[in-house]
Amino acid sequence: MNAMTGLRLLPWTSPDGKPCYLAADHEDSPMSRRADEIEALQLSMGTQLLGHARALLGDHKADAGELRFLANRLCEALRDVLRVAESRGRRLPAHDADGTAVDPDRDHRRGNSREPGRWTRAQ
């Protein structure tokens, strides 16, 4: 869950490509477990695709169509992995540079702001 919104970015999008979010009371809800399973599948598929990519790139007989297909699949896998990283990063507790956990409400009153996926300090 994102500490600021209570929403979890899901590893899929709506039919029109918009992000999907989950609001759940706990991280062990059926939908949270399903999202975890999908994330694990996406990461596994990315790993397998990387192995295929290495093999195809090492094959000097691979034609442009095969390489274009590979590039498209790699783009899809990268998109999925970046979404997983963003979702998981949003669920990590925020910390100061010294490793101390940050209370988002208290931190905001000190002039710091939270943007999706990162902490920024007011100048």
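Predicted model, so just to flag it, every value in this text is computed and none were measured.
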Distance from [X] atom [atom1] to [Y] atom [atom2], nearest 0.5 Å?
{"X": "M45", "Y": "I38", "atom1": "CE", "atom2": "CD1", "value": "10.0 Å"}
{"X": "L10", "Y": "M31", "atom1": "CG", "atom2": "CE", "value": "7.0 Å"}
{"X": "L22", "Y": "S29", "atom1": "CG", "atom2": "OG", "value": "5.0 Å"}
{"X": "D63", "Y": "L67", "atom1": "CG", "atom2": "CG", "value": "7.0 Å"}

Practice item. Please answer: with hydrophobic residues joined when any side-chain heavy atoms are less than 4.5 Å apart, are L41 and L49 in the same cluster? Key: no
Contact summary for [X] and [Y], nearest pair of heavy atoms:
{"X": "T13", "Y": "C20", "value": "C-SG, 3.5 Å"}
{"X": "P11", "Y": "Q42", "value": "O-NE2, 3.0 Å"}
{"X": "E39", "Y": "V84", "value": "CG-CG2, 3.6 Å"}

Review point. Is there any side chain to side chain donor-acceptor pair (under 3.5 Å) pair reaching into residues 43-57, and which pairs are they, with sequence neighbours excluded?
Key: none
Practice item. Please answer whether the main-chain N or O of A55 pairs with a side-chain N or O of D59 as donor and acceptor at a distance below 3.5 Å. Key: no
**Study point:** Whether over 12 other heavy atoms sit under 6.0 Å from Y21 OH
**Key:** yes
Check your understanding: Are any of the side-chain heavy atoms of R34 and P30 separated by less than 4.5 Å?
Key -> no
Practice item. Please determine if R88 and D36 form a salt bridge, counting it only when a charged side-chain N lies under 4.0 Å from a carboxylate O. Key: no
Practice item. Could you tell me whether E37 and R33 have a side-chain N and a carboxylate O separated by less than 4.0 Å? Key: no
Contacts table for residues 76-83: side-chain donor-acceptor under 3.5 angstrom, sequence neighbours left out:
residue: E76; atom: OE1; partner: R73; partner atom: NE; Å: 2.9
residue: E76; atom: OE2; partner: R73; partner atom: NH2; Å: 2.8

